[in-house]
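Heads up, the thing below is written out as C-alpha cells.
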Amino acid sequence: MTSATTPVPIMGDGLPPVLREMLGPDIEILEWDESPQSPSLARAVGVLTFGHPRVDGPLMDRMPNLKVISNHGVGVDHIDVAAARERKIPVGNTPGCLDASTADMTMALLLATARNVVVGDQFARSAEFTHYDPAQLIGYEVSGSTLGIVGLGRIGRQVARRARAFDMRVLYHNRNRDTEAERDLGVEYAAFDDLLKQSDFVALNCPLTPETTNLIGTRELGLMKPTGILLNMARGAVVDHDALFAALNSRRIAGAGLDVTNPEPLPRNHPLLSLTNIVITPHLGSASNRTRHRMMQMTVENLQAGLKSSPLPWAV
Ligand code: DGY
C-alpha cells in the first residue's frame, strides 16, 4: 500500500519488521544516528525507543522538530523524563499489558534457581549423568516458603498472586502500606530489613529510581538468609554487582536469578558469569508473544497521538 501523504520521519532503534509494518507507510523510519552530522536528528519528529537507547536533554535539543517520545516498555529510566517535560515533549510507555508475563518470568526464575533447572539441564546432557541418583542436585522447597516482594506495584501484585498459588507466604515492602493488597492478596507488609531477614526468596519488582539504585548491596545481602535467593526482574542497577558476586561466591546467600544486569549484557569476562549458583536471562520479563504484540500496539498508538499533538493514551 502506498501513502498519499509525505511520511513523517521518526527515529527508532532496531525496530523489528513487525513493528515497522504496524507503523505503516505514513511513517518514515530514520536510522538511529547520534553522530555530530546526524541527518536523523535534524529531521526526526518522533522518537521510538525499542531497545533502551539513552535519550537525555542534550539529545532532545539536537532534535528541533521533536514532538513525542514513545517507549516500547514500561520502564523509562533510560529517558530523561524531567528533561522532556521541561521541553514539553510528551513521553509514552506501555503500562499494564506486561504485568502477567513479567510475573510469569519472575516465577520461572524463582523455580529455576530453587530447583536447579539450568545446572540440571546441563548435567542431564553431559556424560556425567550415568544413573539416577536421589542425592544429587537437591534444591530448595518452593511450596510453603516465604517470598519477599520489593515493590508491590502492578507486576509485584501479579507475582504475589502466583506465589500464593504455590502456597507461599508473601511479604512485601513498599514506601507505603497497601492494606487493600493485604486484604485482596493475603500479603503481609514488612519493613525492608525484616523482609530481607525473613524471606527465602527476595524478588525485586520495583522501578529504577535514585532511591532504588544500589538498593541491594553488601549490608542488605548480609541480612538475607544463607539459604536465601535473590531475584532481580527490575533493573540491573538496583543491585550492586560486586557485592552480589561476593555474596554468591562466598555462599553468603544461596543463589540469584537475574533477568537484568548492569551493564546489559555483562562483559563476557564478568565474574558473575563464572558462578554456578546464578541463573541469568537476557531481559526476557515481558518477552512473550501476546505481550510483545500488545506492547507494540500501545507504542504505535502513543506515537501516533503525539505526532498529531493529541494527548497520549499512556503518558508517563
Ligand atoms: C519494561 O517494560 O520496562 C521492560 O523492561 C522492557 O523494556
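Scope of the values below: all heavy atoms of this structure, side chains included, with no hydrogens, waters or symmetry mates. In each ligand, atom 1 is the first atom listed, and ligand 1 is the first ligand listed.
Using a 4.5 Å heavy-atom cutoff, the side chains of Val239 and Val260 are not in contact.
Residues satisfying the salt bridge (charged side-chain N to carboxylate O under 4.0 Å, His left out) test with Arg252, not counting sequence neighbours, are none. Listed by chain and number, the residues in a salt bridge (charged side-chain N to carboxylate O under 4.0 Å, His left out) with Glu264 amount to none (sequence neighbours excluded).
The pair Arg175-Glu211 does not meet the salt-bridge criterion, since no charged nitrogen lies less than 4.0 angstrom from a carboxylate oxygen. Classification of Arg157 and Asp178 as a salt-bridged pair holds, one side-chain N sitting under 4.0 Å from a carboxylate O.
Within the structure, the salt bridge (Lys or Arg N to Asp or Glu O under 4.0 Å) test picks out no pair touching residues 267-279 (sequence neighbours left out).
Within 4.0 Å of ligand 1, contacts by protein heavy atoms are made from His52, His72, Gly73, Val74, Gly75, Leu98, Arg235, His283.
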